[in-house]
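Every number for a ligand or one of its atoms is a count from 1 in the order of the listing. Computed from heavy atoms alone, side chains included, the values below leave out hydrogens, waters and symmetry copies.
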Amino acid sequence: MNIECDVLIVGTGIAGLYTALNLREDLKIILVSKSKLTDTNTYLAQGGIATAKNVDDIPFFIEDTLRAGNYKNKIEAVNVLATESIDNINKLLQLGVEFDRSCGVLLYTKEGAHSTNRIVHHKDYTGKAVADSLINKIKKKKNINVFEETVLVDLIASDNKCIGGIFTKENKQINIFSKETVLATGGIGGLFKNSTNQRTLTGDGLAVAIKNGVRVKDLGYIQFHPTALYDNKDDRRFLISESLRGEGAILLNSKGERFVDELLPRDEVSAKIYDEIKKTNVPHVYLSVAHLNDSYVKNRFPKIYSECLKRGIDITKDYIPVAPAQHYFMGGIDVDLNSKTSMKNLYAVGEVACTGVHGDNRLASNSLLEGLVFSKRAAESINKEINSIEINIFNPKIIYDFEKAKRENINIIVEEIKKKRWDLKDELIYY
Ligand code: SIN
């Protein structure tokens with residue numbers, strides 16, 4: 001089947017949804033999800049969205065982002081991220097997102113390596129609150145067509161110019177031709193045994209980019225979140241948000257002793273936890289909020305409270321067993337400040353893109369913000385340029401075995417990770 005549109009967006013996390021909402025309404029847009037619209041890492045995001053609180057906070061936010069990223073960040077991208085944060089949070093408020101407030105004033109929480117409280121949030125399910133608002137808006141747009149359960153297997157490209165994607169749905173091939181294509185396919189956590197990510201996230205966008213010679217970057221920069229629930233019954237590791245530590249949670253070893261400053265950058269806290277695990281031979285440490293007020297904990301962290309209770313842990317009384325788990329991919333498809341890749345008419349936004357803002361260790365709650373800031377820039381660039389684009393439609397290759405094609409894409413990423421991070425080979429599901 002062949003379909004045509006102006007803009008093809010692959011992926012329905014915050015970056016894909018927000019790109020669609022910032023595009024011109026006269027453009028015919030197709031938005032594709034590999035599974036359901038809501039099966040995204042955005043939907044799982046707990047802590048919140050970091051933002052400069054005001055103009056005076058911008059230099060401090062920049063410095064915190066650089067320090068957490070071990071100064072391996074791209075400084076121009078960090079400047080853009082911090083400077084455009086306030087406008088994008090305001091735009092979310094206009095789109096109907098409700099962040100927590102006290103007496104009408106926005107509440108900001110803190111997480112590791114932030115020098116001040118600057119994270120807007122909706123209890124402990126910020127990602128769901130944001131995604132639900134954006135999805136409501138998308139559903140009202142007549143120019144946006146959503147395809148679910150539709151898997152990207154390749155790009156349609158020639159002479160380093162992208163004219164769409166090849167997908168499979170119900171074991172049939174769908175070719176979607178587009179003037180501009182935006183990859184917003186998310187991260188690679190689905191390839192790891194222990195990850196907080198959705199299982200479906202296996203790096204499809206990154207794989208098709210590599211296959212087609214699109215420039216990629218920093219593929220060894222993989223972040224482990226310090227506090228995923230240690231529960232060997234779960235397929236995906238349930239996250240215990242860093243915002244608990246921001247609100248006073250403490251980390252304890254198996255003897256009940258504190259061993260680390262809980263608000264250090266993520267890579268440092270994870271390293272200390274691994275040391276403790278090695279020293280004690282116990283496969284986890286503990287996080288505790290038992291010293292905080294019970295009703296505050298239940299009201300501020302309802303999702304974590306109820307998910308832990310389902311597993312027999314009452315967080316108002318019990319220690320929570322936690323251990324690090326793969327959480328975020330800082331590398332990806334190399335993009336410029338407008339999210340353009342090295343292939344003509346191909347953009348990448350969100351976790352699949354490498355804007356360089358995170359260096360080798362993302363500052364907490366900067367991922368949703370990056371998704372907002374750089375997808376808006378992509379949409380603005382497309383809005384300006386699309387009228388001058390013409391495409392020559394040709395018959396793309398025919399894929400005879402979709403399972404084989406999907407597996408080949410997984411292998412591409414696995415091989416790249418093994419090349420860059422041999423130390424993580426045992427963490428991979430496929431090798
Ligand atoms: C968390 O809530 O701990 C995750 C936030 C993030 O990954 O930035």
Quiz item: Would you say ligand 1 has an N or O under 3.5 Å from any N or O of Ile240?
Solution: no
Practice problem: Looking only at non-hydrogen atoms, find the nearest pair between Thr341 and Ala348 and report the distance. | Solution: CG2-N, 3.7 Å
Practice problem: Could you tell me how the ring of Phe301 sits relative to the ring of Tyr296: parallel (under 30°), tilted (30 to 60°) or perpendicular (over 60°)? | Solution: perpendicular
Quiz item: Do Gln46 and Ser243 have side-chain atoms, one donor and one acceptor, less than 3.5 Å apart?
Solution: no
Practice problem: List every atom of ligand 1 that sits less than 4.0 Å from any heavy atom of Ala364, numbering the atoms from 1 in the order shown and giving each element. | Solution: 8 (O)
Exercise. Run the numbers for me: atoms of ligand 1, each under 4.0 Å from some heavy atom of Arg266, listed by number.
Key: 3 (O), 4 (C), 5 (C), 6 (C), 7 (O), 8 (O)
Practice problem: Validate the cation-pi geometry between Lys376 and Tyr18: distance from NZ or CZ to the six-membered ring centre under 6.0 Å, angle to the ring axis within 45°. | Solution: no
Quiz item: Has ligand 1 got any nitrogen or oxygen that is less than 3.5 angstrom from a nitrogen or oxygen of Gln46?
Solution: no
Quiz item: Looking only at distance, does Glu111 have an N or O less than 3.5 Å from an N or O of ligand 1?
Solution: no
Quiz item: Where does the angle between the aromatic ring planes of Phe224 and Phe192 fall among parallel (under 30°), tilted (30 to 60°) and perpendicular (over 60°)?
Solution: perpendicular
Self-check item: Rounded distance [0.5 Å steps], CZ in Phe259 versus CG in Asp275
Solution: 9.0 Å
Quiz item: Within less than 4.0 angstrom of ligand 1, does Arg245 place any heavy atom?
Solution: no
Quiz item: Would you say the side-chain atoms of Ser365 pair up with the backbone N or O of Ala50, donor to acceptor, closer than 3.5 Å?
Solution: no
Quiz item: Any idea which atoms of ligand 1 are less than 4.0 Å away from a heavy-atom of Leu239?
Solution: 1 (C), 2 (O), 3 (O), 4 (C)
Quiz item: Taking the six-membered ring for Trp, is the centroid-to-centroid distance between His358 and Tyr328 below 6.0 Å?
Solution: yes
Quiz item: Any idea which atoms of ligand 1 are less than 4.0 Å away from a heavy-atom of Glu242?
Solution: 1 (C), 2 (O), 3 (O)
Quiz item: Can Ser254 and Tyr286 be said to form a side-chain hydrogen bond (donor to acceptor under 3.5 Å, both in side chains), step by step?
Solution: CA-CA 7 Å; Ser254 55; Tyr286 294 102; over 6 Å; no
Quiz item: N/O to N/O below 3.5 Å, does that happen between Ser243 and ligand 1?
Solution: no
Practice problem: Enumerate the atoms of ligand 1 whose separation from the nearest heavy atom of Arg362 is less than 4.0 angstrom. | Solution: 6 (C), 7 (O), 8 (O)
Quiz item: Going by the atom numbers of ligand 1, which of them fall below 4.0 Å from some non-hydrogen atom of His225?
Solution: 1 (C), 3 (O), 4 (C)
Practice problem: Just need the protein heavy atom nearest to atom 2 (O) of ligand 1, so name the residue and atom and give the distance. | Solution: Ser241 OG, 2.6 Å
Self-check item: Close-contact set for ligand 1 against Gly47 heavy atoms, below 4.0 Å
Solution: 2 (O)
Quiz item: Atoms of ligand 1 less than 4.0 Å from His327 heavy atoms?
Solution: 4 (C), 6 (C), 7 (O)
Quiz item: Is there any N or O on Asn366 that sits under 3.5 Å from an N or O of ligand 1?
Solution: no
Exercise. Using a strict cut-off of less than 4.0 Å between a Lys/Arg side-chain nitrogen and an Asp/Glu carboxylate oxygen, indicate whether Glu276 and Lys272 qualify as a salt bridge.
Key: no
